[in-house]
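The block underneath contains the structure these notes are about, expressed in structure tokens.
All residue numbers refer to positions in the sequence shown, counting from 1. From a predicted model like this one, the values you see are computed outputs, not experimental measurements.
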Amino acid sequence: MKVLVDADACPVKEIIVEIATKNNVEVYMVTDASHILFYPETNVHVVTVDQGADSADLAIANRTEKGDICVTADYGLATLILGKKATAIHPNGFFYTAENIERMLFERHLSREMRRQKKGKSGHIHKRTKEDDMTFLSVFEKAFTTK
């Protein structure tokens with residue numbers, strides 16, 4: 001088992017490193033060349049890819065194997081991860097599943113159509129809280145115990 005992180009805008013990288021290190025699991029932080037990451041932990045590896053569209057997603061998908069854990073906010077990548085029989089977790093602290101991914105992809109499609117037609121309202125992203133981090137921590141730890 002290893003942990004792969006869609007690290008460009010991931011707000012829970014430190015939690016991932018802490019829990020994976022405690023569980024003696026390798027972590028691969030995948031980021032594009034516009035971000036610079038460094039971790040002194042020997043189990044954490046930074047993989048830098050070019051800035052092309054979906055470069056990080058493809059690098060993660062290609063490295064993922066059955067039983068791995070992937071942290072991503074990208075629904076498309078989560079779909080690929082689930083297809084590989086790996087665990088996909090959203091940084092907000094929920095598991096992607098076969099039951100919820102189709103609905104999420106459909107809602108994303110509807111939102112894009114609304115934006116394209118200029119009928120949608122602009123969304124407001126709430127500021128991340130300690131409670132959000134605790135929710136993620138709980139789900140991430142659960143991923144290690146259910147393997």
Self-check item: Over 12 non-hydrogen atoms of neighbours within 6.0 angstrom of CG in Asn62
Solution: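 Enclosed.
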Quiz item: Does a sphere of radius 6.0 Å around CD in Glu18 hold more than 12 heavy atoms from other residues, nucleotides or ligands, not counting ones at 6.0 Å or beyond?
Solution: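 At most 12 heavy atoms, drawn from other residues, nucleotides or ligands, come within 6.0 Å of this atom.
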Self-check item: Thr42: partners by side-chain hydrogen bond (donor to acceptor under 3.5 Å, both in side chains), with sequence neighbours left out
Solution: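 Thr42: no side-chain hydrogen bond (donor to acceptor under 3.5 Å, both in side chains) contacts found.
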Quiz item: With sequence neighbours left out, what residues match Thr64 under side-chain hydrogen bond (donor to acceptor under 3.5 Å, both in side chains)?
Solution: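 Per chain and number, Thr64 pairs via side-chain hydrogen bond (donor to acceptor under 3.5 Å, both in side chains) with no residue.
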Quiz prompt | Exercise: do Asp32 and Ser34 side chains pair donor with acceptor under 3.5 Å | solution =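 A pair is found: one side chain offers a donor N or O, the other an acceptor, under 3.5 Å apart.
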State which residues pass side chain to side chain contact (heavy atoms under 4.5 Å, CB included) with [X]; sequence neighbours excluded, sorted by chain then number.
{"X": "Val139", "answer": "Ile89, Phe95"}
{"X": "Arg128", "answer": "Pro11, Val12, Asn92, Asp132, Asp133, Phe136"}
{"X": "Leu82", "answer": "Ala88, Tyr96, Ile101"}
{"X": "Glu14", "answer": "Tyr39"}

Self-check item: Pair Ile60-Ile81, side-chain contact (heavy atoms from CB on, under 4.5 Å): steps then yes or no
Solution: CA-CA 9 Å; Ile60 292 168; Ile81 300 306; 4.1 Å; yes
Quiz item: Under 30°, 30 to 60°, or over 60°: which ring-plane class applies to Phe140 and Phe144, parallel, tilted or perpendicular?
Solution: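 Rings of Phe140 and Phe144: perpendicular, over 60°.
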Quiz prompt | Residue list, salt bridge (charged side-chain N to carboxylate O under 4.0 Å, His left out) with Lys130, at least two apart or on another chain | solution =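 Residues passing salt bridge (charged side-chain N to carboxylate O under 4.0 Å, His left out) with Lys130: none at all.
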Quiz item: For Glu65, what residues pass the salt bridge (charged side-chain N to carboxylate O under 4.0 Å, His left out) criterion, not counting sequence neighbours?
Solution: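 Here the qualifying residues are Lys2.
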Any side-chain heavy-atom pair from [X] and [Y] closer than 4.5 angstrom?
{"X": "Leu80", "Y": "Cys70", "value": "no"}
{"X": "Val27", "Y": "Glu41", "value": "no"}
{"X": "Met1", "Y": "Asn23", "value": "no"}

Quiz item: Shortest non-hydrogen contact from Asp68 to Ala86?
Solution: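 It is O-CB, 3.4 Å.
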Exercise. For residues 44-60, pull every pair meeting side-chain hydrogen bond (donor to acceptor under 3.5 Å, both in side chains), keeping only residues two or more places apart or in separate chains.
Key: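 Output for this query lists Glu26-His45, Asp50-Ser55.
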